[in-house]
Amino acid sequence: MDALLHQVFAGLASGGIYASLALALVMIHNATNHINFAQGEMAMFSTYIAWSLINIGVPYWAAFVATIVISFFAAAAIERILIRPVEKAPVLTVVSVFIGLLLILNSVAGWIYTYTIKSFTSPFPSEPPFGNKFVSSHELGAIAIALFVLVAMYLFFRVTPLGLAMRAAAENPASSRLVGIRVGWMLALGWGFAGAIGAIAGMMIAPLVYLDPNMMAGIMLYAFAGALLGGIDNPWGAVIGGFLMGVLENVVGALIGTELKLTVALVLIIIVLLLRPNGLWGHKVVSRV
Amino acid sequence: MSALLEAQDLHASYGGPAILKGISFTVGEGGITTVLGANGAGKTTLLRAICGMCHRRGRVRFAGQAIENKATEDVVRLGVAHVPDGRGTFLHLTTEENLRLGAYTRHRDKTGIAHDLERVFGYFPKLKERRKQQAGTLSGGEQQMLAISRGLMLRPKLMLLDEPSFGLAPLIVQDIFRIMRAINIQDKVSILLVEQNAELALDLADTAYLMETGQVVLSGPAEQIRSDPSVRKAYLGY
Ligand SMILES: Nc1ncnc2c1ncn2[C@@H]1O[C@H](COP(=O)(O)OP(=O)(O)OP(=O)(O)O)[C@@H](O)[C@H]1O
Ligand SMILES: [Mg+2]
């Protein structure tokens with residue numbers, strides 16, 4: 001029982017990270033109908049930026065905030081410079097650009113930082129909180145930060161005029177222009193948020209998986225799976241899907257063994273998608289291509 | 001009446017063949033101009049050309065400024081509310097969110113927006129009842145009311161209306177035309193109205209243009225157009 005509880009907490013910690021990344025995927029997907037295959041590498045690169053800052057002596061939380069800000073602007077710039085020109089291009093062209101971006105970020109990170117793994121500090125104490133034996137401080141902290149990010153994004157989209165404008169631009173660009181919304185900037189802003197969320201996710205996962213240019217490959221598989229499971233067009237669904245993936249991964253890992261956990265999790269998802277092709281909470285049936 | 005909007009030799013296309021082939025027209029300050037024409041004449045394209053939604057060439061002046069090279073958002077920000085063909089509803093957002101988006105260009109003006117919401121609810125009480133309802137679930141008539149209201153929330157100087165009567169029951173159409181007149185008189189909004197319903201449009205407007213395949217074939221005061229024999233035969237049916 002204790003062991004199971006421990007797995008659930010560990011699952012919620014990684015699940016929060018998958019949920020954040022899944023949300024970032026959904027945001028870009030809803031705005032552009034594209035899956036950002038480079039999301040994970042963007043997060044990885046952000047984490048290296050944080051590592052560099054910490055390495056030159058910047059205090060952790062200052063580096064944390066600076067990394068988020070840098071990642072926000074870098075991602076927005078990527079949208080303007082790389083993605084904008086292929087906005088109306090065929091899907092395969094766009095996918096190629098995403099894959100290209102993924103490879104560039106990966107190899108530039110390898111070139112600058114080498115492929116040897118680095119440890120990445122956690123901002124949280126190394127002893128478990130309140131002397132409990134179920135959850136480490138880092139796990140609890142990661143869960144709290146993920147929840148904070150998700151709630152902040154929710155409030156931003158629900159309450160602020162800018163959030164409303166971003167939802168409008170994603171749904172109906174033509175009508176959005178007719179009320180004076182600068183749709184192009186809304187897309188860049190969406191990318192900025194996706195970059196910032198990715199940075200946070202990367203900095204939270206790195207203490208657990210160590211830092212190397214390929215660190216996000218496995219993570220993104222779970223995040224993609226979570227987004228598909230919940231519904232790639234539904235932010236709520238994707239977030240819940242992300243958490244589910246985290247818990248599933250850890251519990252299955254404990255029950256069956258870590259070699260098979262990814263396989264089992266993916267098989268479960270394939271079954272769900274066969275029964276509900278749009279995910280558990282997805283609604284769009286048609287795909288605009 | 002001085003001209004609020006003035007187009008000269010306006011050409012437009014969607015990248016292929018020319019759809020507008022050199023059109024000139026004006027909308028007077030405080031006036032209502034209507035554009036009539038058969039399906040495919042280019043009426044919708046005319047409205048799109050004004051606010052930069054298609055390729056265009058020629059001169060367009062609005063309130064003394066050249067706007068023929070301005071992006072859609074920038075034309076809108078000058079005070080041009082375009083109520084588009086098909087209504088352009090944000091289907092997944094609520095009625096109120098649709099209306100708030102109409103006021104996006106002045107979203108910091110909280111009290112003004114609250115005041116304007118009440119004003120459009122005064123024109124269209126139905127919308128107040130549907131305030132929290134997803135706009136995609138509104139009826140066609142309600143969505144047309146919503147589209148006009150969304151335009152009003154901009155506090156425009158000029159409204160471009162694309163067939164507001166399309167697909168609506170006669171009673172609702174009358175309602176909407178009554179309110180357009182009120183908007184014109186009370187809110188001092190000038191109007192450029194594209195319509196198939198020539199009877200109602202000529203009643204409302206002071207100036208009318210008749211379009212055929214991308215060109216103006218007849219123009220003048222609405223009264224005069226109404227009594228033109230060919231218009232009577234083709235558009236009024238008597
Ligand atoms: N997005 C578009 N791309 C290419 N051609 C278009 C587009 N929209 C309209 N057209 C063409 O432009 C011409 C004029 O269309 P437009 O919609 O302006 O006519 P209209 O007078 O508004 O007609 P209706 O009364 O049916 O609304 C038509 O031949 C149409 O096929
Ligand atoms: Mg039309």
Side-chain angles (χ1 to χ4, degrees), chain A residues 26-33 80 84 87-90 153-190 231-238 278-279 281-288, chain B residues 15 44 47-48 50-54 70-94 96-110 112-113 134-136 143 146-156 159-162:
Chain A
V26 169
M27 257 167 47
I28 289 184
H29 179 263
N30 277 356
T32 61
N33 274 304
R80 296 239 101 179
R84 180 75 43 95
E87 203 174 30
K88 297 199 175 72
M153 288 314 295
Y154 174 78
L155 290 177
F156 172 78
F157 280 112
R158 282 292 136 183
V159 181
T160 70
L162 193 57
L164 178 60
M166 282 180 70
R167 284 192 287 147
E171 176 181 330
N172 190 334
S175 284
S176 297
R177 290 196 178 90
L178 288 181
V179 295
I181 295 170
R182 299 195 190 282
V183 172
W185 282 109
M186 295 301 127
L187 292 183
L189 199 58
I232 188 73
D233 59 359
N234 180 346
W236 280 111
N278 301 308
W281 298 281
H283 23 66
K284 257 181 240 159
V285 184
V286 289
S287 73
R288 261 186 284 158
Chain B
T44 297
L47 298 187
R48 289 190 182 144
I50 294 168
C51 43
M53 298 168 76
C54 58
K70 287 199 188 299
T72 306
E73 306 89 288
D74 296 314
V75 175
V76 172
R77 281 161 191 256
L78 291 175
V80 178
H82 184 163
V83 180
D85 183 38
R87 298 159 193 152
T89 312
F90 296 97
L91 300 170
H92 298 295
L93 305 180
T94 66
E96 183 175 334
E97 285 172 333
N98 269 268
L99 292 172
R100 287 188 180 279
L101 282 168
Y104 175 73
T105 51
R106 50 190 190 89
H107 62 255
R108 284 191 191 83
D109 175 20
K110 295 235 160 48
I113 290 172
Q134 201 180 324
Q143 285 193 35
L146 179 57
I148 294 173
S149 303
R150 201 177 60 223
L152 267 183
M153 293 296 291
L154 180 73
R155 290 196 182 167
M159 267 185 128
L160 313 177
L161 291 146
D162 199 339

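Order of the sequence lines sets the chain letters (A, B, ...), proteins ahead of strands, with each chain counted from 1.
- Contacts of M53(B) with chain A are made by side-chain atoms alone, with heavy-atom separations under 4.5 Å and no backbone atom involved.
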Pair N172(A)-L91(B), side chain to side chain contact (heavy atoms under 4.5 Å, CB included): steps then yes or no | CA-CA 9 Å; N172(A) 190 334; L91(B) 300 170; over 6 Å; no
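- Chain A forms more heavy-atom pairs under 4.5 Å with one residue of H107(B), R77(B), R100(B) than with any other, namely R77(B).
- Nearest heavy atom pair, residue G88(B) against residue S175(A), reads O-OG, 2.6 Å.
- Residues P161(A) and Y104(B) approach most closely at O-CE1, 4.0 Å, considering heavy atoms.
- Atom CG of L93(B) is separated from atom CD of E171(A) by 5.0 Å, given to the nearest 0.5 angstrom.
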Can you list the steps and then say if D74(B) with R182(A) is a salt bridge (Lys or Arg N to Asp or Glu O under 4.0 Å)?
-> CA-CA 9 Å; D74(B) 296 314; R182(A) 299 195 190 282; 3.0 Å; yes
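- Each of E73(B), R150(B), H82(B) was compared with L178(A) under the side-chain contact (heavy atoms from CB on, under 4.5 Å) criterion, and only H82(B) meets it.
- Chain A forms more heavy-atom pairs under 4.5 Å with one residue of V83(B), N98(B), L101(B), T72(B) than with any other, namely L101(B).
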